[in-house]
2 protein chains.
Amino acid sequence: MSDQTGVSVQQIVEKVWLSIAERRLRPGVQLKEEQMATIFNVSRARIRQALALLQRDGLVAIIPNRGAFVCKPSVEEARDVFFVRRTVERCVVERLCKGVSKADIKRLRDHVAKERIANTQDITTDIIKLSGGFHLLLAETVGSDFLFATMRDLIARSSLITAVYRNTNRFNCGPDEHAEIVEAIVGNDADRATHLMAHHLEHVESELDLTEIRDLSHDLRAALA
Amino acid sequence: MSDQTGVSVQQIVEKVWLSIAERRLRPGVQLKEEQMATIFNVSRARIRQALALLQRDGLVAIIPNRGAFVCKPSVEEARDVFFVRRTVERCVVERLCKGVSKADIKRLRDHVAKERIANTQDITTDIIKLSGGFHLLLAETVGSDFLFATMRDLIARSSLITAVYRNTNRFNCGPDEHAEIVEAIVGNDADRATHLMAHHLEHVESELDLTEIRDLSHDLRAALA
DNA sequence: TCATTCCATATTGTCGACAATTTTGCAATC
DNA sequence: GATTGCAAAATTGTCGACAATATGGAATGA
């Protein structure tokens with residue numbers, strides 16, 4: 001009758017991640033374990049594991065004996081994330097410009113092609129997944145566990161920040177800029193590649209409204225001053 | 001009879017962390033759940049939670065259906081970690097130089113004082129904990145969750161790298177350089193503070209033997225070439 | 001009417017047991 | 001003597017149940 005199919009921890013994480021990135025889950029809402037266990041048709045233990053991973057990625061905050069809540073990053077945190085991201089992505093690109101295999105090149109170009117398709121067909125879910133996935137793929141191609149893990153963390157937080165502070169309806173991180181970066185890497189042109197990447201990230205950040213007045217709900221004294 | 005005292009997840013993480021940093025646990029060894037459950041006198045569930053956190057910190061690798069193993073970072077990964085660390089610590093120091101409270105200053109100076117005591121008394125465990133703790137305290141003082149989390153990650157990985165690649169018996173990261181950095185921050189001298197920090201990190205990295213011939217056990221073809 | 005206390009409810013934290021998977025030891029075969 | 005196949009042991013993965021803790025509302029008193 002009912003599908004007995006248990007959902008893997010990774011699938012749960014991805015589902016929640018997407019829901020947050022697509023703004024279906026707003027910052028502050030509580031992710032109750034039993035509720036999620038029912039939705040995904042698994043035991044609470046697996047949900048707890050998924051929540052721990054989401055905490056690792058900085059998407060949810062787990063308060064002891066209270067539960068897990070979707071994070072709301074502050075404007076300053078958003079700036080910090082992009083600051084570090086500029087550095088790490090630069091490091092990634094520099095490493096890639098030292099040479100990539102033919103297989104890697106194909107993978108990168110194929111990914112950009114997928115992004116193009118998602119963009120023309122306007123499938124929001126795919127656009128979000130793939131545009132973050134591009135930067136993750138770059139890090140993965142380097143082959144350093146550390147850079148990959150760091151990038152994973154940064155992408156997750158960037159997605160949350162984008163979901164919270166995006167001021168346009170169009171999703172940024174378009175495939176054209178990605179394509180240019182790939183070709184610069186293929187041509188081993190480190191200067192051009194790092195420059196393009198810096199410009200790309202500036203572009204992404206510029207579409208966010210980080211001048212917004214801070215939410216001072218948590219600090220009544222400051223709010224009423 | 002036997003002490004019924006359950007050990008918290010955080011305590012387990014710290015114990016393992018220290019054991020790795022002090023080289024009592026070598027890279028590659030498996031951390032078996034039941035064994036650890038017996039040692040810490042807790043259930044396996046709590047051990048699993050601790051192992052998940054250690055994986056988050058990049059200290060152990062969890063292979064599905066196989067178990068958890070202490071990581072062995074490659075030389076290149078070590079360089080990546082220090083590359084990113086230079087950037088993040090610079091960001092932290094710059095933010096701190098914009099002004100810190102009197103309470104923060106006291107906390108920082110107290111910490112350095114503790115380091116001095118541990119150094120004179122030559123208590124290895126404390127020295128390791130405190131020297132990493134200093135950099136963590138700097139990040140915490142900034143007040144950004146993201147910078148703190150990133151720094152936490154970097155410190156954990158740095159500790160593992162130091163444990164693996166340290167070529168001297170003396171533990172680096174001495175309190176004198178820390179003290180200088182604190183005083184530069186107190187004096188709001190961003191130039192001097194960032195310069196000191198950069199020099200300090202270079203010093204730490206210089207005591208590692210990162211020229212070591214790569215371990216190619218995992219790549220037979222390359223090893224036999 | 002408002003503040004306080006107490007209790008019922010809901011939610012998270014922990015544990016022990018069982019199922020699934022992998023590793024290991026041993027024997028049979030080539 | 002080396003290799004393959006199989007079974008037993010060890011280890012990880014998952015679950016349901018119970019204990020501990022926090023939340024919200026009703027009852028009580030000023």
Side-chain angles (χ1 to χ4, degrees), chain A residues 1-16 19-20 25-72 217-218 220, chain B residues 1-16 19-20 25-72 145 217-218 220 224:
Chain A
M1 303 288 207
S2 67
D3 59 321
Q4 192 93 347
T5 68
V7 182
S8 81
V9 172
Q10 200 50 52
Q11 285 174 305
I12 297 171
V13 169
E14 195 169 324
K15 262 277 198 289
V16 176
S19 298
I20 292 175
L25 277 176
R26 292 304 184 114
V29 305
Q30 183 173 11
L31 300 169
K32 297 180 182 175
E33 295 180 358
E34 191 132 16
Q35 203 174 332
M36 293 178 72
T38 306
I39 293 170
F40 290 109
N41 194 27
V42 295
S43 78
R44 269 181 51 223
R46 216 183 283 192
I47 296 294
R48 282 175 74 80
Q49 210 177 327
L51 289 176
L53 291 176
L54 286 164
Q55 180 186 35
R56 177 190 81 177
D57 291 342
L59 292 185
V60 309
I62 295 179
I63 305 173
N65 289 321
R66 292 284 307 279
F69 303 82
V70 177
C71 284
K72 180 173 178 73
S217 321
H218 60 94
L220 272 184
Chain B
M1 305 276 212
S2 65
D3 59 322
Q4 192 93 349
T5 66
V7 182
S8 79
V9 171
Q10 200 49 51
Q11 285 174 305
I12 298 171
V13 170
E14 195 168 324
K15 262 277 198 291
V16 175
S19 299
I20 292 175
L25 275 177
R26 292 306 185 113
V29 304
Q30 183 173 10
L31 301 168
K32 295 181 184 175
E33 295 180 358
E34 191 132 16
Q35 205 174 329
M36 294 180 69
T38 306
I39 293 171
F40 289 110
N41 194 27
V42 295
S43 76
R44 269 181 51 224
R46 218 183 282 192
I47 297 293
R48 283 175 73 79
Q49 211 177 328
L51 289 176
L53 291 177
L54 286 163
Q55 179 186 37
R56 179 190 76 177
D57 291 342
L59 292 184
V60 309
I62 295 179
I63 305 173
N65 289 321
R66 292 282 307 279
F69 303 83
V70 178
C71 284
K72 181 175 177 70
D145 280 353
S217 320
H218 59 94
L220 273 183
L224 298 172

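To find a chain, count down the sequence lines: A is the first, B the second, and so on, and within it residues start at 1.
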If a pair satisfies side chain to side chain donor-acceptor pair (under 3.5 Å) and one of its residues is in residues 53-70 of chain A, list it, with sequence neighbours excluded. none
With side chain to side chain donor-acceptor pair (under 3.5 Å) as the rule and sequence neighbours excluded, what pairs involving residues 27-36 of chain B come up? B:Glu33-B:Arg44, B:Glu33-B:Arg48
How far does CG of A:Leu25 sit from CG of A:Leu59, to the nearest 0.5 angstrom?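 Here the interatomic distance stands at 10.5 Å.
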Residues passing the side chain to side chain contact (heavy atoms under 4.5 Å, CB included) test with A:Gln49, sequence neighbours excluded, are A:Val9
Results of side chain to side chain contact (heavy atoms under 4.5 Å, CB included) for B:Asp145 - residues two or more places apart only: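 In terms of side chain to side chain contact (heavy atoms under 4.5 Å, CB included), with neighbours along the sequence ignored, B:Asp145 is linked to A:Glu77.
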How many whole angstroms separate atom [atom1] of [X] from atom [atom2] of [N]?
X: A:Arg46; N: D:dG13; atom1: CZ; atom2: C1'; answer: 8 Å
X: A:Leu51; N: C:dG13; atom1: CG; atom2: C1'; answer: 13 Å
X: A:Gln35; N: C:dT9; atom1: CD; atom2: P; answer: 20 Å
X: A:Gln55; N: C:dG13; atom1: CD; atom2: C1'; answer: 15 Å
X: A:Arg44; N: D:dG16; atom1: CZ; atom2: P; answer: 11 Å
X: A:Glu33; N: C:dT14; atom1: CD; atom2: P; answer: 11 Å
X: B:Arg48; N: C:dT14; atom1: CZ; atom2: C1'; answer: 14 Å
X: A:Lys32; N: D:dT23; atom1: NZ; atom2: P; answer: 12 Å

If you look at every strand shown and take non-hydrogen atoms under 4.0 Å, does B:Gln30 touch a base, only sugar-phosphate, or nothing? sugar-phosphate
What residues, two or more places apart in sequence or in another chain, satisfy side-chain hydrogen bond (donor to acceptor under 3.5 Å, both in side chains) together with A:Ser19?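 So A:Ser19 forms a side-chain hydrogen bond (donor to acceptor under 3.5 Å, both in side chains) with A:Arg24.
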Those residues of residues 56-66 of chain B lying under 4.0 Å from DNA chain C by at least one heavy atom: B:Asn65, B:Arg66
